[in-house]
Amino acid sequence: MTTGFRRALPTVASYVDDRIVRWRTGTSEGQVAVLAALMLMSTGILLVSLLSYNTFPAATFVIPMLLGTMALRYRPLLALVLFIVVATAITVTRESIETGMTTGRISTLVVMAIVAIIVLFESSRHSSGLPGPLGEAMLVDLKDRLQAQGVVPPLPEGWRSQSAMLPAGGVKFAGDFLVANLSEDETKLEMVLVDVCGKGVAAGTQSLQFAGALGGLIGALPPLGLFSAGNDFLIRQNWDEGFATAVHVLVNLATGDYSIINAGHPPALHWDSARKEWDIDGARGMALGIMKRPDFVQTTGRLEVGDALMFYTDGVVESRTQDFTAGIEWLRTEAATIVSAGFEQAPRRILKQVTSGDDDRAVLILSRPGVPSLSVEETASSASRPNPVLP
């Protein structure tokens with residue numbers, strides 16, 4: 001018997017795992033399995049309640065009802081609620097016949113009816129057709145997939161990219177996002193930092209769509225063509241607040257030469273390692289999604305060893321108590337103090353100094369520390385090593 005149980009255990013575990021996967025993907029099979037399980041639970045409550053009402057009173061049926069709210073779509077949930085209503089009526093009627101209807105039981109029935117109405121109303125308002133946890137899981141998964149394409153690929157030796165983002169209000173969705181692409185020969189790095197109009201969740205869904213559009217085009221179009229396509233995409237959406245600011249940088253990793261295009265975004269900053277100062281870049285342009293043919297002013301420059309470029313969103317420099325110009329000067333001073341001790345975790349350290357949390361905040365720093373040179377001891381050791389004898 002024990003051997004048979006052990007053999008059956010993997011099969012049962014596989015069956016349960018398959019049903020869980022089907023439920024998480026929102027399939028009909030998964031919904032039927034969950035509905036059957038919750039009806040079985042409700043039946044068990046009904047049987048125990050008929051045997052001992054004081055142990056499992058009518059209010060106990062709230063448990064499978066709330067579980068159904070989290071796991072079922074509207075129609076399966078409606079079937080479960082109707083089943084629970086019938087089960088509640090049976091157990092309350094039987095108990096009332098034996099001991100009489102009391103005020104407490106009437107209150108319980110009223111509360112159960114109100115809970116059922118609230119549960120069904122809330123479920124009917126899910127535009128995705130999925131229960132709350134499944135809908136949220138789908139959005140989070142989509143966000144993670146789109147953000148994965150915004151991760152800057154590993155750069156060749158001598159270059160480093162760091163970024164940090166903080167959404168407004170601490171929510172997981174934000175209007176700021178980054179898309180990046182490294183050419184196959186690893187000589188050209190292309191990045192776009194975007195700030196979609198709005199804050200928090202309100203801008204999060206729009207940024208997810210826009211990130212997908214730009215992520216599929218970056219590297220396939222020239223910089224001006226990429227911004228033109230992004231501008232057309234936003235105009236076609238007809239969103240109430242359908243514009244976004246963006247900054248694009250294209251860097252030749254072999255020479256350090258770069259070009260910047262700015263679409264209504266806060267100006268990029270160039271760290272001059274010789275003077276220990278952040279210089280304001282002059283690229284300017286109209287925000288995306290406002291007019292059909294916006295004009296952009298492209299700037300060019302070069303990153304020498306020790307230099308860096310910093311890009312950021314307006315949430316870093318602008319708040320209710322600080323205007324845009326003063327915020328940029330504050331950032332130049334604060335960032336100079338921070339990077340003077342090194343670029344390690346510089347974006348996170350900068351965001352920690354931002355007192356305002358009213359808007360999404362993002363900082364991206366591309367630095368060129370250069371290839372580490374060998375010390376005198378390492379050079380001497382390398383020179384003293386015998387050359388290998390070739391066959």
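The two residues W159 and N252 make their nearest non-hydrogen contact at CZ2-O, 4.3 Å. The two residues H265 and A246 make their nearest non-hydrogen contact at CB-O, 3.4 Å. Heavy-atom minimum distance, A362 versus V316: O-CG2, 3.6 Å.
At least one donor-acceptor pair under 3.5 Å links the side chain of S49 to the backbone N or O of F56. Judged by distance alone, the side chain of S123 and the main-chain N or O of L120 form no donor-acceptor pair under 3.5 Å. S52 places no side-chain N or O within donor-acceptor distance of the main-chain N or O of V48, the cut-off being under 3.5 Å. Under a 3.5 Å cut-off, the side chain of N231 and the backbone N or O of S228 do not form any donor-acceptor pair. Formation of a donor-acceptor pair under 3.5 Å by the R94 side chain with backbone atoms of L50 is found in this model. Without hydrogens or angle criteria, N262 side chain to G285 main chain gives no donor-acceptor distance under 3.5 Å. Between the side chain of T333 and the main chain of E329, a donor-acceptor pair closer than 3.5 Å is present. Using a distance-only test at 3.5 Å, with no hydrogens or angles considered, no donor-acceptor pair links the side chain of Q353 to the main chain of E334.
Atom CD of E98 has more than 12 neighbouring heavy atoms from other residues, nucleotides or ligands inside a 6.0 Å radius. In this structure, R275 places its CZ atom where more than 12 heavy-atom neighbours from other residues, nucleotides or ligands lie under 6.0 Å away. Heavy atoms from other residues, nucleotides or ligands lying under 6.0 Å from CZ of R348 number 12 at most. The 12-atom threshold is exceeded at CG of D185, counting heavy atoms of other residues, nucleotides or ligands nearer than 6.0 Å.
When side chains are defined from C-beta on, I365 does not count as touching S163, because their heavy atoms never get closer than 4.5 Å. Residues V247 and I261 fail the side-chain proximity criterion, which asks for heavy atoms closer than 4.5 Å. Side-chain contact check for M291 versus I235: every heavy-atom pair is 4.5 Å or farther apart. A 4.5 Å side-chain heavy-atom check between V152 and L189 finds at least one atom pair inside the cut-off.
F343 does not carry R349 over the face of its six-membered ring by the limits of under 6.0 Å from the centre and within 45° of the normal.
Between D257 and R302 there is a salt bridge, since at least one side-chain N of the basic residue sits less than 4.0 Å from a carboxylate O of the acidic one. Taking a cutoff of 4.0 Å between a charged side-chain nitrogen and a carboxylate oxygen, E318 and R361 do not qualify as a salt bridge.
Cluster annotation: L178 and L250 are assigned to distinct hydrophobic clusters (Ile/Leu/Val/Met/Phe/Trp/Tyr, side-chain heavy-atom contacts under 4.5 Å, transitive).
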